[in-house]
Amino acid sequence: MRQQKILVLDFGGQYDQLIARRVRDLHVYAEIKEYDRVTLKEIEIEGYRGIIFTGGPCSVYGEDSPHFDERILDLGIPVLGICYGAQLMAYMAGGKVGDAGGSGEYGEARLNVVSDILFEGVPEESLCFMSHRDSIMAVPEGFRVTASTDKCPVAAMSSEKRRLYAVQFHPEVEHTEYGNRMLSNFLFGVCGVDGNWKMDDFVEESISRLRRELKGRKVLLGLSGGVDSSVAAALLSRAVGKDLTMVFVDHGMLRKNEADMVERVFGNMYGSRFIRVDAAERFLEKLEGVKEPESKRKIIGEEFIRVFEEQARAAGEADVLAQGTIYPDIVESGKGGSATIKSHHNVGGLPGSMDFRDIVEPLKELFKDEVREAGRKLGLPEELVMRQPFPGPGLGVRVIGEVTRGKLWTVREADHIFREEVDKLPAEIRPDQYFAVLTDTLSVGVKGDGRAYGLTVALRAVYTDDFMTAEWSRLPFETVAQASHRIANEIPGVTRVVYDVTSKPPATVEWE
Ligand code: XMP
């Protein structure tokens, strides 16, 4: 039977992936396509069971505002328009959109609904999340208004006959109290899908898609040792087997024993090639004297690509670069004009002069917990799947300021001790990420009988669902005490250990 799927037509809104995520959470497969990368014909052929128009930053009347062939509304496929998508639907179907002269509506609003299939099980009054300037001023012929707020007379409209639905607010955002209910009404009530999609299906679908798309091509993948690239490696290895070359670059900024563990798992997988490159020397040379975090990230990112390119040449005709980019990386690297927070080396830090013809990023729609689940389905050992994420630039961004061999040794040992101590805690209370940072602050201490002027190590531990926000972990004092005691005593040069009590935001998880 053909996979039931929903198309999320992306008009550049900030919650697009979240919409897809919510749909997947309801066990329906959702595929995101940018509005200008797909044609009406392709949509028809793909056999989508429903389409969701996402939000977007523009006004439908703007010169460069995203539009789509209006015949999409006549394909007989149910459509749900959200925010800009709602206005676009109104505009396409002959209604009127405008800014009503007001200043827009942002944040929570009281929503009043009338009886409609989309609002089944939703009370007459509830909270919704609004973020818009323009509004639908007049609904198209054949549509009726199904919800309103104080400031927005057309907060929702529908044409039951044509199976077209539109909501000005964001049902995918948690602040919309009954948002999930509305999405599930659309999926099950209107589109009539089953809701039996599972992560296994994602894995199997991805494997066949990758097989199809990469047929006969040689793929090179950079394994960083983190969960994301590991899952991408396992997926691609299953898909293309011997056509995959995994390059594991030991850039000298990995955690203790990490390289051997990676080699153990991937050294022998579905006939793929595994290459371990010892490149510590050249990375450290490039980093000499560099203190600024973004410069460090850029340098490490570029050097990574250089090493890949060399390996690609050595490996033969590899012309596709695979990356374990996941959705939060894309958001944080500033997709669609949102502010760049950090240039993650696997997105924003890519140098312009790359030799690869294509990039494949099979996990880019997934959130972290989904990636772990996919890893499990792929049969990766639990030890690896449940591993904390580890940034591409590695310990390089956990040594504040200039990176040297000595500092790396110190942070590696401290990190190892801290992780050993935290790992003694029961899994339920273990933080999602925990590591040590070597700060650039020197402080006075007493070691043995004498005064010491030494290094300060910071311990960082956070709880998080998706790494977009994180709460600092209230670790048991005993654990912190034990780690601190061991680090200060076992590692020469360390005179002080501090614990980071900042959440994200305003801090980020990593210090650099
Ligand atoms: P931040 O510090 O941005 O980190 O709050 C969020 C999560 O992302 C990890 N991280 C990275 N992962 N490449 C990666 O693949 C990178 O350059 C990178 N920088 C940070 C970080 O460890 C945390 O889990």
Side-chain angles (χ1 to χ4, degrees), residues 221-233 247-249 251 253-255 258 262 283 287 292-305 308 321-335 338-351 359 361-364 366-372 375 384-400 403 411 415 418-419 422 430-437 458-473 500 502-512:
L221 174 123
L223 252 187
S224 75
V227 180
D228 306 344
S229 60
S230 298
V231 174
V247 178
F248 174 55
V249 179
H251 54 19
M253 293 170 278
L254 297 170
R255 289 167 291 189
E258 186 151 39
V262 172
F283 276 90
L287 286 168
E292 205 274 316
E294 277 299 289
S295 310
K296 281 161 58 176
R297 281 175 171 272
K298 285 257 158 38
I299 289 171
I300 297 170
E302 280 177 32
E303 200 58 16
F304 242 98
I305 298 294
F308 288 161
L321 179 68
Q323 298 195 311
T325 316
I326 71 169
Y327 173 59
D329 300 338
I330 294 178
V331 176
E332 301 219 331
S333 290
K335 179 206 173 215
S338 54
T340 298
I341 300 169
K342 281 179 192 180
S343 54
H344 284 229
H345 88 266
N346 41 10
V347 189
L350 284 185
I359 293 185
E361 298 173 311
L363 308 175
K364 72 166 185 247
L366 301 188
F367 286 77
K368 196 90 198 180
D369 52 323
E370 294 181 305
V371 174
R372 288 192 206 279
L384 205 137
V385 169
M386 278 323 286
R387 264 169 108 217
Q388 311 173 39
F390 188 59
L395 300 179
V397 291
R398 294 181 182 170
V399 166
I400 306 306
V403 182
V411 78
D415 182 68
F418 184 43
R419 285 191 294 128
V422 175
R430 221 174 288 149
D432 297 295
Q433 196 171 5
Y434 43 104
F435 54 88
V437 174
L459 304 180
R460 177 77 164 140
V462 295
Y463 290 116
T464 175
D465 285 331
D466 56 13
F467 294 86
M468 313 266 279
T469 60
E471 175 88 13
W472 67 274
S473 307
D500 184 345
T502 335
S503 292
K504 170 184 180 177
T508 49
V509 175
E510 303 288 346
W511 277 38
E512 287 195 335

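All figures in this text were calculated on a predicted structure; none of them were measured in a lab. Both ligands and their constituent atoms are indexed starting at 1 by order of listing.
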Salt bridge (Lys or Arg N to Asp or Glu O under 4.0 Å) partners for Arg372, two or more places apart =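 Result, salt bridge (Lys or Arg N to Asp or Glu O under 4.0 Å) vs Arg372: none returned.
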Counting heavy atoms only, which of [options] is nearest [atom]?
atom                    : options                : result
atom 22 (O) of ligand 1 : Arg460, Gln388, Glu510 : Glu510
atom 5 (O) of ligand 1  : Gln323, Met468, Lys504 : Lys504
atom 11 (C) of ligand 1 : Pro393, Pro505, Pro391 : Pro391

So is Lys368 close enough to ligand 1, meaning a heavy atom under 4.0 angstrom away?
->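 Lys368 does not count as a contact of ligand 1 under the 4.0 Å cut-off.
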For Ile299, enumerate each residue passing the side chain to side chain contact (heavy atoms under 4.5 Å, CB included) test, keeping only those at least two apart in sequence or located in another chain.
->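 Once residues adjacent in sequence are excluded, the partners of Ile299 under the side chain to side chain contact (heavy atoms under 4.5 Å, CB included) criterion are Lys286, Leu287, Val290.
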Would you check whether Asp228 has a nitrogen or oxygen atom less than 3.5 angstrom from a nitrogen or oxygen atom of ligand 1?
->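 No: no nitrogen or oxygen of Asp228 is under 3.5 Å from one in ligand 1.
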Can you find an N/O atom of Phe467 closer than 3.5 Å to an N/O atom of ligand 1?
->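 No - when backbone and side-chain N and O of Phe467 are compared with those of ligand 1, no distance drops under 3.5 Å.
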Walk me through it: do Glu258 and Phe390 pass the test side-chain contact (heavy atoms from CB on, under 4.5 Å)?
-> CA-CA 11 Å; Glu258 186 151 39; Phe390 188 59; 3.7 Å; yes
Using the side-chain contact (heavy atoms from CB on, under 4.5 Å) rule, take Val249 and Phe283 through it: C-alpha gap first, then chi angles, then the decisive distance, then the call.
-> CA-CA 10 Å; Val249 179; Phe283 276 90; 3.7 Å; yes
What atoms of ligand 1 come closer than 4.0 angstrom to any heavy atom of Thr508?
->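 In order of numbering, the contacting atoms are 1 (P), 2 (O), 5 (O).
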Element-labelled atoms of ligand 1 that are located less than 4.0 Å from some non-hydrogen atom of Gly392 =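 Under 4.0 Å from Gly392, ligand 1 has these atoms: 13 (N), 14 (C), 15 (O), 16 (C).
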Indicate yes or no: does Lys368 engage Asp228 in a salt bridge with an N to O separation below 4.0 Å.
->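 Counted as a salt bridge, because a side-chain N and a carboxylate O are separated by less than 4.0 Å.
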Enclosure of Asp465 CG (heavy-atom neighbours >12, cutoff 6.0 Å) |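 At most 12 heavy atoms, drawn from other residues, nucleotides or ligands, come within 6.0 Å of this atom.
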At a non-hydrogen distance cut-off of under 4.0 Å, which region of Gln433 contacts ligand 1 (side chain, backbone, both, or neither)?
->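 Side chain only.
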